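What follows is a set of notes on a single structure, which appears directly below.
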Amino acid sequence: AMGAAVFKFGKDFETSMTKVGNITDIGVENIGAMRKAILAMAPGVAIGPTALSDALLVVASTGLKGATALSVLEQAARASAVGLGDTKDIARAPTAAMTAYGAENLSAEEATRKLFGAVKAGGAEASEFAGSLGRVIGIASQVGVSFDEILASVATFTRLGVKADE
């Protein structure tokens with residue numbers, strides 16, 4: 001039974017990494033380095049490699065690559081490990097923020113820290129925040145609304161009982 005579990009883990013991880021290589025801009029040629037980085041990251045963030053590679057697919061699908069993508073992944077995994085939610089769901093919010101405001105203006109650590117604060121202050125789960133942010137953040141950044149203002153608004157409304165997706 002143990003051998004079958006190890007085989008399944010390896011197969012699931014490889015399938016997920018193949019998706020990352022084929023579907024994103026990371027490219028098949030860089031998957032080996034990303035695979036090594038995920039396997040090295042997993043013990044330190046207490047999230048399994050398959051869950052990390054699934055979350056990397058979310059991050060890399062937006063065009064984030066290399067160290068930036070791995071930074072988002074690590075921050076999302078750390079937030080997940082302390083109970084903020086599923087790594088893949090958490091990764092959506094900082095990825096959206098960094099894409100909308102520019103990775104040079106907002107780091108993965110800062111975006112995740114702000115999301116964590118908004119989730120604590122509001123009445124919604126991180127996955128609900130991520131869904132609502134994805135619908136408004138691109139437009140909001142174009143018209144000068146800051147990431148902090150968006151998070152404060154969603155936190156306030158969810159604390160008052162309004163669903164995050166409204």
Side-chain angles (χ1 to χ4, degrees), residues 5-6 8-28 30-103 106-120 122-138 140-141 147 150-151 154-155 158 163-165:
V6 170
K8 181 174 176 6
F9 154 77
K11 184 174 185 273
D12 291 348
F13 178 60
E14 288 306 317
T15 299
S16 182
M17 289 304 296
T18 299
K19 280 186 202 173
V20 172
N22 289 332
I23 296 174
T24 71
D25 290 338
I26 287 177
V28 178
N30 298 316
I31 286 302
M34 295 303 253
R35 181 182 292 112
K36 286 180 184 175
I38 286 174
L39 290 172
M41 182 188 301
V45 296
I47 303 292
T50 302
L52 290 175
S53 62
D54 289 346
L56 179 62
L57 180 60
V58 168
V59 173
S61 292
T62 66
L64 296 180
K65 300 179 192 171
T68 302
L70 288 172
S71 179
V72 171
L73 181 62
E74 182 176 0
Q75 293 302 316
R78 291 186 186 287
S80 177
V82 298
L84 199 57
D86 181 70
T87 305
K88 185 167 52 173
D89 290 336
I90 295 166
R92 291 181 202 287
T95 299
M98 292 171 69
T99 301
Y101 292 99
L106 184 67
S107 71
E109 183 176 355
E110 182 180 11
T112 305
R113 180 179 43 77
K114 289 178 177 188
L115 173 66
F116 187 76
V119 169
K120 283 176 59 176
E125 297 288 323
S127 61
E128 295 170 298
F129 266 82
S132 66
L133 291 175
R135 286 191 298 279
V136 300
I137 201 163
S141 69
F147 185 51
I150 294 168
L151 290 174
V154 175
T158 58
K163 291 184 177 182
D165 61 3

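Note that the structure is predicted; figures quoted are calculated from it, not measured.
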Please name the pair of heavy atoms, one in [X] and one in [Y], separated by the smallest distance, quoted to 0.1 Å.
| X | Y | answer |
| --- | --- | --- |
| A124 | V119 | O-CG1, 3.5 Å |
| S53 | M17 | CB-SD, 3.3 Å |
| I137 | A97 | CD1-CA, 3.5 Å |
| F147 | Y101 | N-OH, 3.4 Å |
| A77 | I47 | O-CG1, 3.7 Å |
| G48 | A42 | C-CB, 4.5 Å |

Please examine the side chains of [Y] and [X], heavy atoms only from C-beta on, and report whether any two atoms are closer than 4.5 Å.
| X | Y | answer |
| --- | --- | --- |
| F13 | L52 | no |
| S61 | L57 | yes |
| D86 | S80 | no |
| M34 | V20 | no |
| Q75 | I90 | no |

Take atom CD in E110; do more than 12 heavy atoms of anything else shown fall under 6.0 Å from it?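 Enclosed: over 12 neighbouring heavy atoms sit under 6.0 Å from CD of E110.
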Just by distance, no angles: are the side chains of D12 and T50 close enough, under 3.5 Å, to form a donor-acceptor pair?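 Not at all, the side chains of D12 and T50 share no donor-acceptor pair under 3.5 Å.
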Quick one: [atom1] on [X] to [atom2] on [Y], what's the gap to the nearest 0.5 Å?
| X | Y | atom1 | atom2 | value |
| --- | --- | --- | --- | --- |
| L56 | S16 | CG | OG | 8.0 Å |
| M41 | E74 | CE | CD | 5.0 Å |
| K120 | L84 | NZ | CG | 10.0 Å |
| S71 | M98 | OG | CE | 6.0 Å |
| L64 | D25 | CG | CG | 10.0 Å |
| K163 | E128 | NZ | CD | 8.5 Å |

As a test of understanding, state which of L133, L115, L73 forms a side-chain contact (heavy atoms from CB on, under 4.5 Å) with P94.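 The residue from L133, L115, L73 that satisfies side-chain contact (heavy atoms from CB on, under 4.5 Å) with P94 turns out to be L115.
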Sub-3.5 Å donor-acceptor pair from the side chain of T15 to the main-chain atoms of K11, do we have one?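 Yes: the side chain of T15 pairs with the backbone of K11.
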May I ask you to decide if G21's main-chain N or O and T24's side chain share a donor-acceptor pair within less than 3.5 Å?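 No.
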Once side-chain hydrogen bond (donor to acceptor under 3.5 Å, both in side chains) is applied, do any residues pair with T158, and if so which ones, sequence neighbours excluded?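 Counting only residues at least two positions away or on another chain, T158 forms no side-chain hydrogen bond (donor to acceptor under 3.5 Å, both in side chains).
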Inspect the contact between R113 and E109 and indicate whether a charged nitrogen and a carboxylate oxygen are less than 4.0 angstrom apart.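 A salt bridge is absent here (no side-chain N lies under 4.0 Å from a carboxylate O).
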